[in-house]
Number of protein chains: 2
Amino acid sequence: MNASLIRQTLQEYDVKPSLSRIKIYDYLYNNRIHPSAEMIYKALVDELITLSKTTVYNTMHLFADKGIVRTIGFPNEETRFDINVTPHYHFKCRNCGNVYDIPYSKVDIESSVRDGFDIETVEVHMIGRCPKCS
Amino acid sequence: MNASLIRQTLQEYDVKPSLSRIKIYDYLYNNRIHPSAEMIYKALVDELITLSKTTVYNTMHLFADKGIVRTIGFPNEETRFDINVTPHYHFKCRNCGNVYDIPYSKVDIESSVRDGFDIETVEVHMIGRCPKCS
DNA sequence: ATCATTGCAAACACTTTGCATACGC
DNA sequence: GCGTATGCAAAGTGTTTGCAATGAT
């Protein structure tokens, strides 16, 4: 995905394509590792030498608001960001820390082992409105 | 559940029944609201006037290690603790902040509304070992 | 010239750590 | 008396906020 296509994509999401935003989008698009703000910052600061973490946070909030990314929050871990906004599950390896996308079709939550992923715990979090508040 | 029964329960889990631990267990047992460390502290400090948050954290770590509680980590929220360690889902109301237990049988993740719970987002987190690390 | 974006520094919330004191057997 | 539990204060981590500087049109 080249710069002008990213520019166009951001505009479709109603986001003004500044340099930081383009570079961050580019990084997310080409590195499907569900990076944290820190990982994004470290990956880009050599190229964008004035980049600050504040800008990364600002940008990720904006991207999340506009639906460009979804946020992933494993317990007691930094927030990570996923440019794949289609529905899927996440698997985090307790050993290497990598986060993987797991398609719905690949997993039956009742079972513990699928395709070499040794699932020790499953946490299902639903967010919405409870009967009292609807 | 009276003090001597709690004492006995803690011992079965290989935890020495100190006063703080008994009171914290008692609180968790009788208040199924998935409290945070802060909530536990505030609820007990009037009675246990020397209680510190450190002790709450120490105790919750110990309880989690021994399998007395499970921890619940919604994205960007404080850790909450659940004395119900049998498998179930969690639903957090975005309006009132309450966390509810949802039995497996009550929910079909593909649907969005069940028994008055208006589910806006579902996050499924699996933790374990990935194929590279097994 | 105006308005949005950026980025530093400080504040913040939650949690952990170091260490000295107190408690229980 | 010895080993564990407790609790204060400080440090640590990830994130947010206030505000001034910069950049784009």
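Chain identifiers are assigned alphabetically (A, B, ...) following the order of the sequence lines, protein sequences preceding nucleic acid strands; residue numbering begins at 1 within each chain. Everything numeric here is computed off the predicted structure, so don't read it as measured data. All heavy atoms count here, side chains included; hydrogens, waters and symmetry mates do not.
- Of the candidates D/dT15, D/dT6, C/dC14, D/dT15 carries the atom nearest the B/N76 side chain, counting heavy atoms from C-beta on.
- Between B/L19 atom CG and D/dT6 atom P there is a gap of 9 Å when expressed in whole angstrom units.
- Checking C/dT6, C/dG7, D/dT16 against the side-chain heavy atoms of A/T50 singles out C/dG7 as nearest.
- Going from atom CD1 of B/I40 over to atom C1' of C/dC14 covers 14 Å, rounded to whole Å.
- Counting non-hydrogen atoms under 4.0 angstrom, A/K16 reaches the backbone sugars and phosphates but no base.
- Between B/E78 atom CD and C/dC12 atom P there is a gap of 17 Å when expressed in whole angstrom units.
- Note: CG (A/N58) to C1' (D/dC19) measures 13 Å, nearest angstrom.
- Separating the CZ atom of A/F74 from the C1' atom of D/dG14 is a distance of 17 Å, rounded to the nearest angstrom.
- Once rounded to the nearest 0.5 Å, the distance linking OH of A/Y57 with NZ of A/K53 reads 6.0 Å.
- Atom CG in B/L62 sits roughly 14 Å away from atom P in C/dT16 (whole-Å rounding).
- The nearest heavy atom of DNA chain D to A/S36 and to B/L48 marks one nucleotide each, and the one closer to the 5' end goes with B/L48.
- Within 4.0 Å (heavy atoms only), B/T79 reaches sugar-phosphate atoms of the nucleic acid but no base atom.
- Every residue meeting the side-chain contact (heavy atoms from CB on, under 4.5 Å) condition with A/P17, not counting sequence neighbours, appears here in chain and number order: A/R7, A/L10, A/Q11, A/I22.
- Ring pair A/Y100/A/F117: centre-to-centre distance below 6.0 Å.
- D/dT15 atom C1' lies 15 Å from atom CD of A/E77, rounded to whole Å.
- Within the 4.0 angstrom heavy-atom criterion, only backbone atoms of the sugar-phosphate kind lie near B/S20; the bases stay farther away.
- Checked against D/dG7, D/dT6, D/dG14, the side chain of B/S18 finds its nearest nucleotide in D/dT6.
- In this model, a donor atom of one side chain and an acceptor atom of the other lie less than 3.5 Å apart for B/H88 and B/D82.
- Closest to the B/Y57 side chain, of the nucleotides C/dC8, D/dT16, C/dT16, is C/dT16.
- The phosphate of D/dT15 (OP1 or OP2) has no side-chain N or O of A/H61 nearer than 4.0 angstrom.
- Annotation for A/Y41 and A/L51: closest pair CE1-O, 3.3 Å, computed over non-hydrogen atoms.
- In this structure, the CE atom of B/M60 is 13 Å from the P atom of D/dT6, given to the nearest Å.
- Here B/T54 lies in heavy-atom contact (under 4.0 Å) with a base.
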